[in-house]
Amino acid sequence: MNKNNIGYACINMELASQSPKIYTGRSMIKKTFTSKGIKYASKLGLENTKDLFKILQWNKKTGFKFFRITSNLFPWCSEYDLEEMPDYNEISSLLSQMGQFVDKNNIRVTFHPGPFNVLTSKNEKVVENCINDLSIHAKIFDLMNLKPSTYNKINIHIGGVYGDKASALKRFCVNFKKLPNSVQKRLTVENDDKSSMYSVEDLYFGVYKIINIPIVFDYHHHKFCNGGMTEKSALELAVSTWGDVTPVVHYSESRNLEKNDNKIKPQAHSDYVYQFIDTYGYKVDIMIEAKAKEKAVNKYKSIYNL
DNA sequence: ATAGGTCAAGCGAGG
DNA sequence: CCTCGCTTGACCTAT
């Protein structure tokens with residue numbers, strides 16, 4: 001049996017509960033950004049960056065080799081260039097040190113930008129915003145000196161269907177070519193959690209076969225949008241798209257089952273995960289998407305003696 | 001110090 | 001037409 005790395009996303013519950021908290025989620029609402037501007041954004045960004053380093057160090061100490069970095073490191077960064085931040089020198093220096101740190105300690109870090117990144121959009125402005133946001137993510141990895149590869153992936157969903165999946169997939173592939181190389185070399189796509197949207201098979205033929213970028217297999221989403229494939233065959237198809245890079249898969253479970261509350265949407269994530277994750281013998285890196293974050297991973301490992 | 005209302009962006013499902 | 005869910009609950013103001 002292969003040993004798979006298991007990771008968590010963005011927030012460390014233990015460190016976030018400490019006083020003073022170690023936390024990368026400092027942000028602000030529009031009104032505050034309008035009044036306080038980039039100077040305050042930079043201040044929050046610097047604090048977030050410092051705390052990211054502490055989380056990575058905690059990961060090393062506790063043996064976590066796989067971690068998703070929050071997309072909220074720099075509040076409102078779509079509205080300015082990172083270089084414009086008053087604290088840019090200190091921030092870029094920290095990012096560079098973190099890059100060395102994860103490289104030396106074999107910690108895989110990834111990004112998962114928000115659902116507002118819609119490369120399929122017919123609205124030019126939406127596509128522009130998407131290119132900008134993805135480019136900032138790539139810029140952060142560049143500042144960490146992480147070489148452009150899907151090992152440090154930037155993962156997104158396809159976006160809208162607009163009643164015509166085939167033409168939407170085509171637009172995705174056309175707009176992909178507008179992305180800078182720093183993004184193209186890192187971009188991956190993930191299967192959706194609605195039956196009308198993109199299954200692994202849709203991504204394989206509509207994206208991978210055209211522009212050759214890997215597919216992140218999400219177990220939970222597959223349950224709502226399987227495209228007629230079994231879990232095993234969908235996983236295998238996704239794994240086959242990764243080349244020499246260890247594939248990433250996402251795993252989560254339904255909150256409504258955990259809480260025994262059918263008012264909660266079945267797509268919503270549970271605090272912890274309970275079922276054994278079958279990787280069908282493949283060596284993959286498993287990103288656990290559970291609200292209890294690293295605590296969910298630890299509980300899972302203890303249940304199955306991993 | 002805490003509670004409650006509010007909060008950038010896109011999309012689709014469900015009430 | 002509004003709310004939820006997703007990358008991720010946090011921010012802000014009034015009490």
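On a predicted model such as this, the values are computed, not experimentally measured, just so you know. Numbers restart at 1 for each chain; the letters A, B, ... are given by sequence-line order, proteins then strands.
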Exercise. Which of these nucleotides, dC11(B), dT8(C), dC12(C), is closest to any side-chain atom of Tyr162(A)?
Worked result: dC11(B)
Problem set entry | Proximity to the side chain of Ile264(A) - top-ranked nucleotide from dG9(C), dG5(C), dA8(B) | dG5(C)
Distance between [atom1] atoms of [N] and [M] (Å, rounded):
N	M	atom1	value
dC2(C)	dT6(B)	P	14 Å
dC12(C)	dA8(B)	P	10 Å
dG4(B)	dT7(C)	C1'	25 Å
dG5(B)	dT3(C)	P	13 Å

Considering only heavy atoms, which members of [range] lie under 4.0 Å from some atom of DNA chain C?
range	value
residues 187-219 of chain A	Glu190(A), Lys194(A)
residues 107-143 of chain A	His112(A), Gly114(A), Pro115(A), Phe116(A)
residues 65-75 of chain A	Arg68(A), Thr70(A), Ser71(A), Asn72(A)
residues 166-176 of chain A	none

Does [X] reach a base, just sugar-phosphate, or nothing at all? Heavy atoms under 4.0 Å.
X	answer
His221(A)	sugar-phosphate
Lys21(A)	nothing
Gly159(A)	nothing
Lys293(A)	sugar-phosphate

Is there a side-chain contact between [X] and [Y], using heavy atoms and a 4.5 Å cut-off?
X	Y	answer
Thr34(A)	Thr32(A)	no
Tyr208(A)	Leu237(A)	no
Thr188(A)	Thr241(A)	no
Arg186(A)	Phe111(A)	no
Phe101(A)	Asn105(A)	yes

Value in whole Å for how far the [atom2] atom of [N] lies from [atom1] of [X]:
X	N	atom1	atom2	value
Asn48(A)	dT8(C)	CG	C1'	12 Å
Phe224(A)	dG12(B)	CZ	P	18 Å
Glu289(A)	dG5(C)	CD	P	15 Å
Met28(A)	dG9(C)	CE	C1'	17 Å
Leu44(A)	dT8(C)	CG	P	20 Å
Asp261(A)	dC4(C)	CG	P	13 Å
Arg255(A)	dG5(C)	CZ	P	9 Å

Salt bridge check: are [X] and [Y] linked by an N-O gap of less than 4.0 Å?
X	Y	answer
Asp87(A)	Lys43(A)	no
Asp192(A)	Lys194(A)	no
Glu14(A)	Lys293(A)	no

For this session: Respond yes when some side-chain nitrogen or oxygen of Lys265(A) is under 4.0 Å from OP1 or OP2 of dT3(C), and no when none is.
Result: no
Exercise. Would you say a side-chain N or O of His157(A) is under 4.0 Å from OP1 or OP2 of dT7(C)?
Worked result: yes
Seminar exercise, completed: Each nucleotide of nucleotides 1-7 of chain B classed B (base within 4.0 Å of a protein heavy atom), S (only sugar-phosphate) or -, in 5' to 3' order, makes -------
Exercise. If you take all heavy atoms of Gln18(A) and Lys21(A), which pair is closest and at what distance?
Worked result: O-CG, 3.0 Å
Seminar exercise, completed: With sequence neighbours left out, the residues meeting side chain to side chain contact (heavy atoms under 4.5 Å, CB included) with Leu257(A) are Ser254(A)
Exercise. Can you list the residues that meet the side chain to side chain contact (heavy atoms under 4.5 Å, CB included) rule with Ser35(A), with sequence neighbours excluded?
Worked result: none
Problem set entry | Contact list for residues 143-179 of chain A, test ring pair (Phe, Tyr, Trp, His ring centres under 6.0 Å), sequence neighbours left out | His112(A)-His157(A), His157(A)-His221(A)
Exercise. Can you list every pair that meets ring pair (Phe, Tyr, Trp, His ring centres under 6.0 Å) and has a residue in residues 283-306 of chain A, with sequence neighbours left out?
Worked result: Phe276(A)-Tyr304(A), Tyr300(A)-Tyr304(A)
For this session: Examine the side chains of Ser167(A) and Asp164(A) and answer whether a donor and an acceptor come within less than 3.5 Å of each other.
Result: yes
For this session: Calculate, to the nearest 0.5 Å, the distance between atoms CD and OG belonging to Glu84(A) and Ser42(A) respectively.
Result: 11.0 Å
Exercise. How does DNA chain B look in dot-bracket notation if pairs are Watson-Crick or G-U with both distances under 3.5 Å, crossing ones as [ ], other-strand ones as |?
Worked result: |||||||..||||||
Exercise. How far apart are the C-alpha atoms of Ser96(A) and Ser93(A), what are their side-chain angles, what is the distance that settles it, and do they pass the side chain to side chain donor-acceptor pair (under 3.5 Å) test?
Worked result: CA-CA 5 Å; Ser96(A) 169; Ser93(A) 164; over 6 Å; no
Problem set entry | Short side-chain to backbone donor-acceptor contact, Trp76(A) and Ala41(A), under 3.5 Å | no
Problem set entry | Ile264(A): hydrophobic cluster co-members (side-chain, 4.5 Å) | none
For this session: Using the test side chain to side chain donor-acceptor pair (under 3.5 Å), find all partners of Ser71(A) that sit at least two apart in sequence or belong to another chain.
Result: His137(A)
